[in-house]
Structures are given as C-alpha cells and as structure tokens.
Amino acid sequence: MEGKPVRDSQITMMVAMNPEDANPLGNVHGGVVMKYVDTTAGVVAIRHARRIAVTASIDRLDFHNPVFIGNLLILKASLNFVGKTSLEVGVRVEAENPLTGELRHTASAYLTFVALDEKGHPTPVPPLVCETDEEKLRNSQAQVRRQYRLAERRREKSCKI
Ligand SMILES: CC(C)(COP(=O)(O)OP(=O)(O)OC[C@H]1O[C@@H](n2cnc3c(N)ncnc32)[C@H](O)[C@@H]1OP(=O)(O)O)[C@@H](O)C(=O)NCCC(=O)NCCS
C-alpha cells in the first residue's frame with residue numbers, strides 16, 4: 001500500500017461555544033471539549049485510512065485552562081504514527097476570545113483509532129510518510145507511547161482469569 005503524508009489528513013476544526021455547552025459553573029463543560037477532540041481526531045484517522053475508524057483509546061486529556069461561553073474552540077489534529085491497522089492522532093485545543101483575539105491553550109490529547117473493514121474487523125491502512133523534522137520527532141515519540149500501550153495491554157490480558 002502506498003504511503004500518505006501527514007498533511008493529507010491533518011485538519012483544523014473551529015466551533016463556537018454556546019450556552020447549551022455550559023457546565024453548572026457557566027463555563028464550557030469538559031465533556032463537550034472531549035467530544036470535539038474525539039470527533040476531530042476521528043476525521044483525521046478516517047481521511048488517512050479512507051475507512052471507518054473507531055476510537056480504541058485516549059491516553060490522557062489534561063485541561064490547562066477553562067473555555068468560556070462565546071469562545072471559539074480551535075482543534076488542530078494530525079497523525080503522529082500509523083501501525084498496521086491503528087493510527088495515533090494528536091490534538092491540540094485552543095480557545096479564542098473572538099472579541100479580543102486572545103488565544104489560550106486549553107488541552108492536548110493523543111488518541112488511537114483502529115480502521116475497520118466491512119465486517120468490523122481491523123484492516124490495514126496506508127503507511128504514514130513523515131516529511132518534516134517536527135513530524136519525524138512526533139513519530140518517534142508516538143512509537144514510545146505505543147510500546148507503553150502494548151505493554152499495558154499485555155499486562156492487562158495476563159491478569160484476566
Ligand atoms: C478497537 C478494536 C477494533 C480493537 O480490536 P482487537 O481485536 O482488540 O484488535 P487487535 O488486537 O487485532 O489490534 C488491532 C490494532 O489495534 C491496536 N489496539 C487494540 N486495542 C488498542 C487499545 N486499547 N489502545 C491502543 N491500540 C489498540 C493494536 O495495537 C493493533 O494495532 P496495529 O494493527 O497497528 O499493530 C476493538 O477493541 C473495538 O471494536 N473496540 C470498540 C471501539 C469503539 O466502539 N469505540 C467507540 C467507543 S463509543
């Protein structure tokens with residue numbers, strides 16, 4: 001299968017945060033941000049695979065700053081690593097105050113998707129071509145995270161009765 005560059009699937013998604021996105025404190029609910037993180041990353045995985053891809057795992061999601069109603073949520077997502085059937089997508093979330101232009105880093109996350117065939121089984125995806133130094137660095141860091149995930153999976157499986 002022919003490789004595809006990172007730039008072919010990366011996206012930036014922007015969503016205006018409205019009152020229905022609020023938590024009881026009046027700021028944007030963390031779950032709303034999580035949903036957009038998952039949705040944006042999923043689009044990247046599907047654009048690369050040109051297949052349905054499901055979320056297999058989310059490594060961690062730290063919220064650095066609150067998002068306010070009226071802010072524009074900006075999600076930048078691109079592929080870091082592609083295995084045989086799995087894909088790691090990195091998402092950076094920023095919040096912009098559209099009145100002032102102030103930008104704040106809200107969250108970052110790494111998500112793993114698995115491409116599925118028509119029967120719902122994992123299916124091979126095109127290899128990832130990393131062109132820039134930054135893409136190559138992200139790729140090598142993603143390979144380390146993958147080793148941790150695989151080791152964790154093996155450990156969990158061996159604990160099952
Ligand atoms: C994700 C899923 C397809 C994996 O199926 P599986 O039979 O365990 O897959 P396999 O063991 O054959 O592994 C397939 C690939 O997925 C990766 N993978 C599987 N589980 C993973 C996990 N929890 N985290 C990261 N990667 C994972 C494997 O490393 C492998 O990658 P590779 O082909 O690039 O080497 C299956 O667990 C599933 O359907 N889960 C539900 C997904 C879903 O519905 N998500 C939305 C939740 S609402």
Side-chain angles (χ1 to χ4, degrees), residues 1-15 17-18 20-24 27-64 67 73-94 105-161:
M1 216 181 289
E2 202 181 328
K4 292 171 76 174
V6 174
R7 60 186 151 80
D8 272 17
S9 53
Q10 66 189 11
I11 62 166
T12 298
M13 192 168 90
M14 296 188 193
V15 199
M17 293 290 103
N18 289 318
E20 63 266 25
D21 300 316
N23 62 20
N27 298 332
V28 172
H29 196 289
V32 170
V33 177
M34 287 166 71
K35 183 183 170 192
Y36 284 119
V37 165
D38 190 26
T39 302
T40 311
V43 170
V44 170
I46 290 170
R47 289 187 90 204
H48 181 85
R50 296 295 178 205
R51 290 267 186 191
I52 290 299
V54 289
T55 318
S57 69
I58 301 181
D59 281 16
R60 60 182 288 171
L61 185 53
D62 296 312
F63 291 101
H64 307 296
V67 183
L73 201 65
I74 304 172
L75 302 106
K76 297 175 180 171
S78 56
L79 277 170
N80 292 329
F81 173 83
V82 167
K84 186 176 165 222
T85 66
S86 69
L87 313 95
E88 189 202 270
V89 182
V91 183
R92 181 185 166 89
V93 187
E94 293 171 345
H105 181 209
T106 299
S108 290
Y110 300 114
L111 300 89
T112 303
F113 289 79
V114 177
L116 302 180
D117 65 16
E118 292 74 11
K119 291 182 177 162
H121 299 135
T123 189
V125 295
L128 186 65
V129 179
C130 297
E131 297 172 314
T132 67
D133 287 346
E134 195 178 334
E135 287 168 9
K136 286 172 191 162
L137 178 65
R138 285 190 180 150
N139 185 262
S140 59
Q141 291 170 340
Q143 290 191 44
V144 175
R145 284 190 292 275
R146 175 179 161 90
Q147 291 314 316
Y148 277 115
R149 271 182 227 119
L150 292 176
E152 183 73 5
R153 254 191 117 200
R154 278 195 296 271
R155 200 177 58 77
E156 279 172 7
K157 277 186 179 168
S158 70
C159 289
K160 280 188 187 150
I161 302 168

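Numbering of ligands and ligand atoms starts at 1, following listing order.
Using a 4.0 Å cut-off between heavy atoms, Val82 makes no contact with ligand 1 at all. Counting heavy atoms under 4.0 Å from ligand 1, residue Val114 touches it through the side chain alone.
Taking a distance limit of 4.0 Å, we find that atom 41 (C) of ligand 1 is approached by no protein heavy atom. Atom 48 (S) of ligand 1 is never approached by the protein to below 4.0 angstrom, counting heavy atoms only. Protein non-hydrogen atoms do not reach within 4.0 Å of atom 37 (O) of ligand 1. Distances from atom 4 (C) of ligand 1 to the protein include no heavy-atom value under 4.0 Å. Within 4.0 Å of atom 15 (C) of ligand 1, at least one protein heavy atom is present.
Closest heavy-atom approach to atom 43 (C) of ligand 1 within the set Ile58, Thr85, Thr55: this belongs to Thr55. In this structure, of Arg153, Lys157, Glu156, Arg149, the residue bringing a heavy atom nearest to atom 8 (O) of ligand 1 is Arg153.
Looking at ligand 1, you won't find any N or O of Thr112 less than 3.5 Å from one of its N or O atoms.
Of the protein's non-hydrogen atoms, Ser57 OG, 3.5 Å is the one closest to atom 25 (C) of ligand 1. For atom 39 (O) of ligand 1, the closest heavy atom belonging to the protein is Val54 CG2, 4.5 Å. Among all protein heavy atoms, the one lying closest to atom 7 (O) of ligand 1 is Pro122 CG, 4.4 Å. The protein non-hydrogen atom at the shortest distance from atom 34 (O) of ligand 1 is Ser86 OG, 2.7 Å.
Atoms of ligand 1 found under 4.0 Å from any heavy atom of Gly83, numbered from 1 in the order shown, are 34 (O). In summary, the atoms of ligand 1 found under 4.0 Å from a heavy atom of Lys84, numbered by their order in the structure, are 32 (P), 33 (O), 34 (O). Near Leu150, meaning under 4.0 Å from any of its heavy atoms, are these atoms of ligand 1: 29 (O). In summary, the atoms of ligand 1 found under 4.0 Å from a heavy atom of Ala56, numbered by their order in the structure, are 1 (C), 21 (C), 22 (C), 23 (N).
A donor-acceptor pair is defined here as one N or O able to donate and one able to accept, closer than 3.5 Å; such a pair exists between the side chain of Asp117 and the backbone of Lys119. The backbone N or O of Asn80 sits less than 3.5 Å from a side-chain atom of Asn139, completing a donor-acceptor pair. Of the possible polar contacts, one joining the Lys4 side chain to the Arg47 backbone as a donor-acceptor pair under 3.5 Å is found. One N or O on the side chain of His105 and one on the backbone of Ala107 form a donor-acceptor pair closer than 3.5 Å.
In terms of heavy atoms, Pro5 sits closest to Leu128 at C-CD1, 4.3 Å.
Val114 pairs with exactly one of Thr85, Thr123, Leu87 by the side-chain contact (heavy atoms from CB on, under 4.5 Å) rule, that one being Thr85. Between Val44 and the options Leu79, Val91, Leu111, Asp8, a side-chain contact (heavy atoms from CB on, under 4.5 Å) holds for only Leu79. When each of Val15, Asp21, Val28, Leu61 is tested with Val33 by the rule side-chain contact (heavy atoms from CB on, under 4.5 Å), just one qualifies, namely Val28. Partner Glu88 forms a salt bridge (charged side-chain N to carboxylate O under 4.0 Å, His left out) with one of Arg145, Arg146, Arg138 and no other, that one being Arg145.
Classification of Lys76 and Glu94 as a salt-bridged pair holds, one side-chain N sitting under 4.0 Å from a carboxylate O.
Ligand 1 is approached by Arg146 to a heavy-atom distance shorter than 4.0 Å.
Using a 4.5 Å heavy-atom threshold, the side chains of Asp38 and Phe113 count as touching.
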Stepwise side chain to side chain contact (heavy atoms under 4.5 Å, CB included) test for Gln143 and Gln147: CA-CA 6 Å; Gln143 290 191 44; Gln147 291 314 316; 5.7 Å; no

